[in-house]
2 protein chains.
Amino acid sequence: MADQPEPPNVRETALAWESLFRCQVTIMRRLQTLPDFRELNMREYDVLFNLKRAPDCGLRLGDLNEHLLLSQPSLSRMIDRLVTRGLVARIADPADARAVLITLTEAGAEVQQRIGRAHVRHINEVMAEGLSRDELCQLRRLTQALSDSVGPS
Amino acid sequence: MADQPEPPNVRETALAWESLFRCQVTIMRRLQTLPDFRELNMREYDVLFNLKRAPDCGLRLGDLNEHLLLSQPSLSRMIDRLVTRGLVARIADPADARAVLITLTEAGAEVQQRIGRAHVRHINEVMAEGLSRDELCQLRRLTQALSDSVGPS
DNA sequence: CGCTATTGTATGCAAACACATATAAATGTG
DNA sequence: CACATTTATATGTGTTTGCATACAATAGCG
């Protein structure tokens with residue numbers, strides 16, 4: 001028999017999660033103090049960011065919601081506000097009359113891009129000291145693998 | 001000259017952050033659906049968890065706040081509610097009459113421990129499939145290093 | 001010392017949020 | 001094809017949040 005990779009025990013998993021979570025909180029707190037998110041708070045930016053990576057026809061509200069830590073009703077109302085501000089649009093889904101497709105408007109795409117640039121610059125300032133290129137790459141690989149294994153189910 | 005470790009470029013840092021952030025959102029969404037957080041939501045649990053790891057005399061409200069993604073006034077009011085529920089107590093700081101020390105009550109410690117146990121079990125169910133023991137250890141090391149480099153400044 | 005600046009927490013208030021539920025369309029079933 | 005069930009989003013309502021600011025105590029400085 002080949003060596004079976006021993007499954008991680010509860011303690012190891014909990015420590016990894018705690019560290020991941022705390023790291024995210026720490027970075028988030030730093031980012032929130034920056035002026036990038038005065039025009040659009042982080043949750044709103046994240047909505048635009050997710051829409052940017054979506055097909056041109058947009059995303060159904062429920063699908064968009066899956067990527068966010070926000071209840072469905074709260075997202076629905078956030079979309080109301082973003083529509084009022086002209087950053088996104090609600091389009092009836094031609095394939096399902098119950099559904100709505102949310103899309104970025106041109107103004108929304110412009111705002112996302114502008115904030116995104118500043119954001120990325122600041123991310124770099126905050127993170128680049130702590131890890132080397134190689135380590136950042138490893139971190140990306142590990143978190144990606146974790147997302148992939150958790151997400152689908 | 002020895003090889004200088006080349007500093008990560010903006011793109012690499014942004015990809016790592018995005019992946020880390022998205023991973024955290026994915027796991028969080030899974031955890032939130034579990035019944036662990038009916039008695040206490042995740043933010044509230046996190047407050048108790050942070051108090052658990054604190055010295056017996058407790059933590060000043062401001063210090064506690066540094067570990068949370070919550071504004072100082074919001075934390076102050078959350079503490080109000082937790083005091084009402086008998087889970088934490090406000091104690092005047094003997095060294096500084098402006099400050100308040102927040103401590104876990106016995107009931108609060110009991111609740112934290114009970115929820116914590118279930119939480120840890122579920123964390124393990126969610127995460128253990130995706131990464132090996134060794135990878136979890138690496139993930140922990142990398143996120144720890146990142147926290148350490150970001151936090152102090 | 002007296003007096004301004006700073007620090008630590010709390011409160012008024014409007015905005016945003018979650019929960020339960022309503023509405024409306026699609027799907028499944030006898 | 002009627003009718004219950006499920007799916008997708010929206011709305012009513014009380015709670016929680018953040019912003020601005022008030023309050024209270026310490027620190028700093030002439």
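Proteins get letters first, then strands, A, B, ... in listed order; numbering begins at 1 in each.
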- [ ] Determine the contact category for Asp96(B): base if any of its heavy atoms lies under 4.0 Å from a base atom, sugar-phosphate if only primed atoms, P, OP1 or OP2 are that close, otherwise nothing.
- [x] sugar-phosphate

Open item on the list: Tell me if the side-chain of Arg98(A) makes a donor-acceptor pair with the base of dT9(D), cut-off 3.5 Å, by modelled atom types.
Closed with: no

- [ ] Could you grab the distance from atom CG of Leu136(A) to atom CZ of Arg11(B), nearest 0.5 Å is fine?
- [x] 13.0 Å

Open item on the list: Starting from Leu20(B), can I reach Val10(B) by hopping between I/L/V/M/F/W/Y residues whose side chains sit under 4.5 Å apart?
Closed with: no

Open item on the list: Between C1' on dT7(D) and CD on Glu66(A), what's the gap in Å once rounded to a whole number?
Closed with: 13 Å

Task: Ile91(A) CD1 to dT9(D) P, straight-line distance once rounded to whole Å - done: 14 Å

- [ ] Give a yes/no answer on whether the side chain of Ser74(A) brings an N or O atom under 4.0 Å of OP1 or OP2 in dA16(C).
- [x] no

- [ ] Give the nucleotide from the list dA10(C), dA8(D), dC17(C) with an atom nearest to the side chain of Leu70(A).
- [x] dC17(C)

Open item on the list: I'd like to know if Gln72(A) reaches the base of dA18(C) with its side chain such that a donor and an acceptor end up less than 3.5 angstrom apart.
Closed with: no

TODO: Find the distance Asp93(B):CG to dG8(C):P and express it as a whole number of Å.
DONE: 10 Å

- [ ] Starting from P on dC19(D), measure out to CG on Leu75(B) and report it in whole angstrom.
- [x] 14 Å

Task: Between C1' of dA20(D) and CZ of Arg38(A), the distance in whole Å - done: 14 Å

Task: Most 5' of Gly62(B) and Arg81(A) on DNA chain C, judged by nearest nucleotide - done: Gly62(B)

Task: Pairwise 5' ranking along DNA chain C for Ala97(A) and Leu69(A), keeping only the more 5' one - done: Leu69(A)

Open item on the list: Once you apply a heavy-atom cut-off of 4.0 Å, does Arg43(B) come out as touching a base, just sugar-phosphate, or nothing?
Closed with: sugar-phosphate

Task: 4.5 Å side-chain heavy-atom contact, Leu101(B) and Arg60(B) - done: yes

Open item on the list: Would you compute the distance between atom CE of Met42(A) and atom CG of Asp46(A) and round it to the nearest 0.5 angstrom?
Closed with: 9.5 Å

Open item on the list: In this structure, how many angstroms lie between the C1' atom of dC19(D) and the CG atom of Asn41(A), rounded?
Closed with: 13 Å

Task: Whole-Å distance separating the CG atom of Leu82(A) from the P atom of dA10(D) - done: 13 Å

Open item on the list: Measure CG/Asn65(B) against C1'/dT17(D) and give the value in whole Å, please.
Closed with: 13 Å

Task: Greater than 12 external heavy atoms within 6.0 Å of Glu129(B)'s CD - done: no

Task: 5′-ward residue of the pair Leu61(A)/Glu44(B) relative to DNA chain D - done: Leu61(A)

Open item on the list: Counting distance alone, no hydrogens or angles: does the base of dG12(C) have a donor or acceptor under 3.5 Å from a partner atom on the side chain of Arg77(B)?
Closed with: yes

- [ ] Ignoring backbone atoms, establish whether Ser76(B) has a side-chain N or O less than 4.0 Å from OP1 or OP2 of dA10(C).
- [x] yes

